[in-house]
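Contents: one structure, followed by commentary.
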Amino acid sequence: MPDRPREPTPSTRARALEILQRTWGYDAFRGDQGDVVVRVAEGGDALVLMPTGGGKSLCYQLPALLRDGTAVVVSPLIALMQDQVAALRELGVRARYLNSSLTPEARREVEDDLLAGRLDLVYVAPERLLNEPTLALLERIPLALFAIDEAHCVSQWGHDFRPEYLQLAVLAERFPGVPRIALTATADGVTRREMREKLRLEEARTYVSSFDRPNIRYQVTDKRNARQQFLAFYREKHVGDAGIVYAMTRKTVDRTAEWLQAQGVDALPYHAGLDREVRAAHQERFLREDGVVVVATIAFGMGIDKPDVRFVAHLDLPKSLEGYYQETGRAGRDGAPADAFLTYGLQDVVQVRRLLASGEGDEAYQRVTRQRLEALLGYCETSSCRRQVLLRYFGEDLEHPCGNCDTCLDPVPTFDGTVPAQKLLSTVVRTGQRFGAGHLVDVLLGKRTPRVERFGHDDVSTFGIGRDLDEHAWRSVVRQLVASGHLVTDDEGHGSLRVGPAAAPLLKGETTLELREDRAAPGTTGGRTAPAPRRREAAVADLDDDDDRARFERLRAVRTELAREAGVPPYVVFHDATLREMAVRRPRDEAGLADIQGVGAAKLARYGARFLAALAEG
Ligand code: ADP
Ligand code: ZN
């Protein structure tokens with residue numbers, strides 16, 4: 001605007017930083033945030049890959065405030081929108097959403113606000129955005145940017161595929177000149193290429209953060225009784241914490257939730273077979289109360305912003321490492337210690353193979369899916385650092401073992417498994433490659449079961465030659481040979497085993513094989529080493545001082561009250577980390593309070609007095 005007096009204009013970055021401090025109450029950008037914000041604020045496109053909890057939202061929320069017009073955020077889940085909008089409004093940002101949950105009047109109100117230029121951001125479900133009337137409405141107003149959240153939903157290979165996402169390509173044609181930013185926590189190369197192509201982001205600059213989540217501790221145990229094992233883990237480390245337990249089928253979800261309730265855990269089921277109201281109520285309790293455990297199929301969790309989920313447990317094998325990484329990533333967004341717990345057994349492998357075989361999709365699709373399954377098995381069976389395996393899968397090299405996964409903390413003994421593997425493989429060959437693990441192990445152990453006798457397998461030369469290992473150890477050998485491709489399960493999913501391509505050299509004695517010795521899992525009896533008990537990492541664990549702790553609890557009570565009054569989840573008022581800093585630093589006035597991370601101008605004005613009063617009490 002040439003007619004205005006010229007002042008030296010502060011750089012985009014300086015203005016961004018100023019808003020970050022004033023509105024969010026944060027000192028500095030994290031990782032790539034600052035670069036992304038500047039890029040988009042200056043009108044460029046961006047593709048942002050950041051792990052869950054990395055701070056993606058700021059990458060578009062802040063440019064929305066820096067640019068003229070309204071920012072349109074495409075988000076696939078209604079619950080996520082509501083939370084994000086609530087959190088933004090708490091910060092004093094003018095945000096609303098448009099989705100099917102609105103009444104016609106409420107929708108018209110949002111539309112009026114849009115036309116009058118009264119909104120900084122509007123969140124829209126993809127199908128709503130793609131409605132012709134919505135597109136036409138957006139063409140009439142100045143737009144700051146488009147943000148496409150959960151952009152991996154465009155990938156047909158992925159488990160979150162949403163057909164509407166493919167149509168988002170029209171934004172490039174209908175709104176040339178409006179910058180677009182796509183964000184995801186899914187990082188593999190295939191998905192990345194698809195996002196770029198299908199969303200027409202050829203010009204976008206790509207920002208890839210490290211996908212490491214150092215505060216998450218990974219643990220995989222051999223499945224014996226998954227619920228019991230989970231309960232033991234929960235009782236040891238997470239009593240009173242919020243967490244998510246994933247299981248594969250609705251039936252297991254229902255049964256597990258019921259069983260956990262009977263054990264005194266505040267557990268609730270969540271899956272697509274439950275009534276919408278029941279699901280909503282369970283999600284609501286999970287978000288608004290402390291210490292609720294949700295047992296769910298993967299239908300739960302995407303778009304859950306709750307920062308203080310302390311553990312994610314998988315009782316069945318997830319479908320892929322991408323899925324696993326995303327699901328476990330829902331733990332510990334606040335950066336405090338969190339656990340990822342997985343139990344897995346041969347049955348899981350057989351079941352996933354069955355799903356694969358019955359799944360639709362062409363050969364290429366099946367091949368990709370199979371490769372992904374193999375990567376997952378490799379992760380489960382590794383005897384080296386799990387984090388290194390995970391990150392390598394996402395194309396990242398972690399130089400040193402992490403020191404915060406089960407194999408680092410409690411190294412797995414390995415043994416020369418060549419001879420047992422040969423015994424097993426010959427048994428498979430000699431019995432005609434049509435039997436499952438149970439029968440093969442019976443033959444190796446020399447058990448004269450009716451089945452063994454019926455097929456005359458007490459006559460094969462390997463009958464009884466495996467008595468040096470017990471049944472459990474044999475099952476572990478089977479699983480590891482399946483994972484390594486020495487054995488393959490039939491694709492019809494009957495569980496019968498054939499020798500795979502890798503078997504021949506091993507049988508001929510040309511190669512050797514290192515196997516891991518399975519440790520006894522918690523919650524089961526027997527075994528060599530019990531896992532060392534670990535300190536429970538509660539929200540207040542790092543407050544050593546009793547007074548600090550008492551103060552923290554008092555602040556937490558104030559927060560609960562304020563959250564209830566405002567009708568938002570407690571963490572939308574302030575995070576635990578913010579309360580903790582208040583408890584320790586004990587600010588006496590507004591200036592001191594404003595200095596705490598997470599206290600921006602709007603929250604200071606709204607809540608400052610209440611928290612200062614609570615601080616003065618002690
Ligand atoms: P993502 O969407 O990538 O999972 P979020 O945008 O929800 O992550 O951010 C994760 C958490 O980190 C949020 O609670 C957010 O308030 C916090 N956060 C984001 N950026 C910063 C920052 N620069 N400084 C401090 N905290 C931040
Ligand atoms: Zn490790």
Side-chain angles (χ1 to χ4, degrees), residues 16-17 19-21 23-37 48-62 73 75 77 80-81 83-84 86-88 90-91 93 147-152 181-187 207 209-220 301-309 325-336 340 379 382-392 398-412 569-578 581 596-600 603:
L17 205 56
I19 295 181
L20 179 73
Q21 286 158 358
T23 304
W24 273 270
Y26 295 148
D27 280 347
F29 287 115
R30 267 195 204 159
D32 289 334
Q33 275 178 340
D35 293 340
V36 178
V37 166
V48 177
L49 300 105
M50 251 186 212
T52 309
K56 282 184 286 298
S57 332
L58 243 149
C59 293
Y60 55 84
Q61 291 171 346
L62 212 156
V73 185
S75 172
L77 279 168
L80 174 86
M81 276 183 216
D83 276 3
Q84 293 237 351
L88 283 167
E90 285 293 307
L91 296 174
V93 175
I148 302 168
D149 205 3
E150 312 285 359
H152 63 281
I181 168 173
L183 310 99
T184 180
T186 300
Y207 298 84
S209 306
S210 166
F211 268 69
D212 190 15
R213 298 287 309 281
N215 60 316
I216 298 180
R217 175 173 295 178
Y218 300 97
Q219 177 185 355
V220 180
M302 183 166 141
I304 295 283
D305 254 351
K306 189 174 168 63
D308 53 0
V309 176
Y325 203 65
Q326 249 194 14
E327 285 146 24
T328 54
R330 290 166 190 153
R333 280 178 181 234
D334 54 8
Y379 169 77
T382 186
S383 49
S384 55
C385 172
R386 299 223 192 258
R387 196 179 310 271
Q388 283 180 322
V389 174
L390 266 180
L391 290 175
R392 199 171 310 130
L398 188 67
E399 209 179 320
H400 301 291
C402 74
N404 192 28
C405 70
D406 56 354
T407 48
C408 280
L409 291 163
D410 196 2
V412 196
Y571 58 81
V572 164
V573 174
F574 283 128
H575 280 189
D576 281 353
T578 300
E581 199 180 325
I596 306 262
Q597 288 293 299
V599 184
K603 288 185 181 176

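Quantities reported herein were computed from a predicted structural model and do not represent experimental measurements. Whatever order the structure lists them in is the order used to number ligands and atoms, beginning at 1.
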*So is Pro51 close enough to ligand 1, meaning a heavy atom under 4.0 angstrom away?*
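Yes, Pro51 has heavy atoms under 4.0 Å from ligand 1.
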*asked:* Using heavy atoms and a 4.0 Å limit, tell me yes or no: is Arg333 in contact with ligand 1?
replied: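 So Arg333 counts as touching ligand 1.
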Proximity of [X] to ligand 1 by residue part, where a heavy atom lies under 4.0 Å:
{"X": "Met50", "value": "neither"}
{"X": "Ser57", "value": "both"}
{"X": "Ala185", "value": "neither"}

_Taking atom 20 (N) of ligand 1 as the reference point, the nearest protein heavy atom with its distance_ = Gln33 NE2, 2.9 Å
*asked:* For Asp406, run the side-chain hydrogen bond (donor to acceptor under 3.5 Å, both in side chains) check against Arg386, Arg217, Gln219 and tell me which one passes.
replied: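 When side-chain hydrogen bond (donor to acceptor under 3.5 Å, both in side chains) is applied between Asp406 and each of Arg386, Arg217, Gln219, only Arg386 qualifies.
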*Among Gln326, His152, Lys56, the one residue meeting side-chain hydrogen bond (donor to acceptor under 3.5 Å, both in side chains) with Thr184*: His152
*Just going by heavy-atom distances, which of Tyr26, Phe29, Trp24, Tyr60 is nearest to atom 22 (C) of ligand 1?*
Tyr26
*Can you name the closest pair of heavy atoms from Lys603 and Val573 and give their distance?*
NZ-O, 3.1 Å
*Plane angle bin for Phe211 and Tyr325 - parallel if under 30°, tilted between 30 and 60°, otherwise perpendicular*: tilted
*With the Zn ion (ligand 2) at the centre, find the angle made by SG from Cys408 and SG from Cys402, to 10°.*
120°
